[in-house]
Each structure stands twice: as structure tokens, then as C-alpha cells.
Amino acid sequence: MKQLLIIFFILVSPHVLRAEQNRKFDPEAYRMEMKNYIIKKASLSADDAQKFFKLFDEMRTKERALFRKTRINKHKPPRTDEECRKAILQKDNTEIELKKLQLKYHESMLKVLPASVVIKCLFYAEEFDRNKLREASQRHGGQRKEHVKRSNKERKQ
């Protein structure tokens, strides 16, 4: 009986691992997980959470639109000096737009919530994103870390 169970797990485990690796990103699940993380870490009341996430979700939606704008440029690499110049300036302008957008929403958040609450929420949102990126990197074999290690070694030489 034990041998039968062992054989079963040996046959099933590669399929389970492959299913885990092929898991698609679910933006709604990510957003809900982030929301719960921020509420818990920042000890938000229901009222504060409602006020914060109303503005935060709007800001994130608009940020994603700006990120998409820069991503499109990556698929069409510039070839000439003039195209490179335009790409650099466009990227700079997009980053300025992003900062202006964040400033606008941060000011709105500060009108409805105390600064101490806003800063905690923003800090924990960044922390959540960093943790998720780290997890994704590790799930995909930590290729990014190896690249960074090689780059750092090359710089030292």
C-alpha cells in the first residue's frame, strides 16, 4: 500500500508543480490581497480603509495606464539618434506625469485622512509590491538575482 501511495505522489507531483508554475496572474486577487495586507499592517478602521482605497484604486488604475504607455515603447526599440532622443524625453515626461498623478492623489488622501495613516498605507503598499515581486522572482528560479550577482561581480572587476 505504501509503495502504491509513493508511486502515486511521484506521478502526480510534476503535474502539481507545473500547474503552480503556470498559474495566471489574477489582478483582482492581487488587489484584494494587497488591501487586506494594508488594512492589517496599518490597523485601518473600516471607514479609513474605505476612504483610502477609493482614492488609491483610482490612482493605481491611472498609474497602470502610464506604465502601459512606457511599455509600448519597449517593443519598438529606437534605432537612430533622433528616435533615441525622443524615447528618452518621452520616458522622462511619462515619469513626470506619474509623479504629478501621485502628488494629486496623495494630496486628496491627505484631505480625508491623517498624514500618519496615509504614509503607513503607502509604505505597506510598496512593501507588499516588493514582497510579491521577490516571491515571483524566486518562483521563477531566481534568475533576476543571478543576473544581479553577475552584474555586481563584473562591476568590481
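Just so you know, residue 1 is the first one in the sequence shown, and it goes up from there. For clarity, every value in this text was computed on a predicted model and none was experimentally measured.
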- Task: Could you pull out all residues at least two apart from I96 that satisfy side-chain contact (heavy atoms from CB on, under 4.5 Å)?
- Result: N93, K100
- Under 4.5 Å between any side-chain heavy atoms of L55 and V112, yes or no? yes
- Item | Close side-chain approach of M59 to K104, heavy-atom, < 4.5 Å | no
- Task: Could I get the full list of side chain to side chain donor-acceptor pair (under 3.5 Å) partners for E97, not counting sequence neighbours?
- Result: K69
Which donor-acceptor pairs under 3.5 Å do the side chains of residues 117-127 make with protein atoms, sequence neighbours left out?
unit_1, atom_1, unit_2, atom_2, d
E127, OE1, Y37, OH, 2.3

- Item | For E63, salt bridge (charged side-chain N to carboxylate O under 4.0 Å, His left out) partners two or more places apart | R60
- Between K91 and E95, is there a salt bridge with N-O shorter than 4.0 Å? yes
- Is D81 atom CG crowded by more than 12 heavy atoms from other residues, nucleotides or ligands, each under 6.0 Å away? no
- Distance, nearest 0.5 Å, that separates CD1 of I39 from CD of Q50: 11.0 Å
- Message: Restricting to non-hydrogen atoms, name the atom on L66 and the atom on T94 that form the minimum distance, rounded to 0.1 Å.
- Response: O-CG2, 3.7 Å
Side-chain polar contacts of residues 28-35 - donor-acceptor pairs under 3.5 angstrom, sequence neighbours left out - could you list them?
unit_1, atom_1, unit_2, atom_2, d
E28, OE2, R31, NH2, 3.1
Y30, OH, D129, OD1, 2.4
R31, NH1, D57, OD2, 2.9
E33, OE1, K132, NZ, 3.4
E33, OE2, K132, NZ, 2.7

- Same cluster (ILVMFWY, side-chain, under 4.5 Å), L110 and L44: yes
- Task: Please name all residues satisfying side chain to side chain donor-acceptor pair (under 3.5 Å) with Y105, sequence neighbours left out, ordered by chain then number.
- Result: E58, K62
- Sub-4.5 Å side-chain heavy-atom contact between F52 and L113: yes
- Could you state the interatomic distance from CG (N36) to NZ (K41), rounded to the nearest 0.5 Å? 13.5 Å
- Does S43 have any side-chain contact (heavy atoms from CB on, under 4.5 Å) partners at least two apart in sequence or in another chain, and if so, which? none
- Using the test side chain to side chain donor-acceptor pair (under 3.5 Å), find all partners of K99 that sit at least two apart in sequence or belong to another chain. Q102
- Item | side chain to side chain donor-acceptor pair (under 3.5 Å) involving D47 - partner list, sequence neighbours excluded | K51
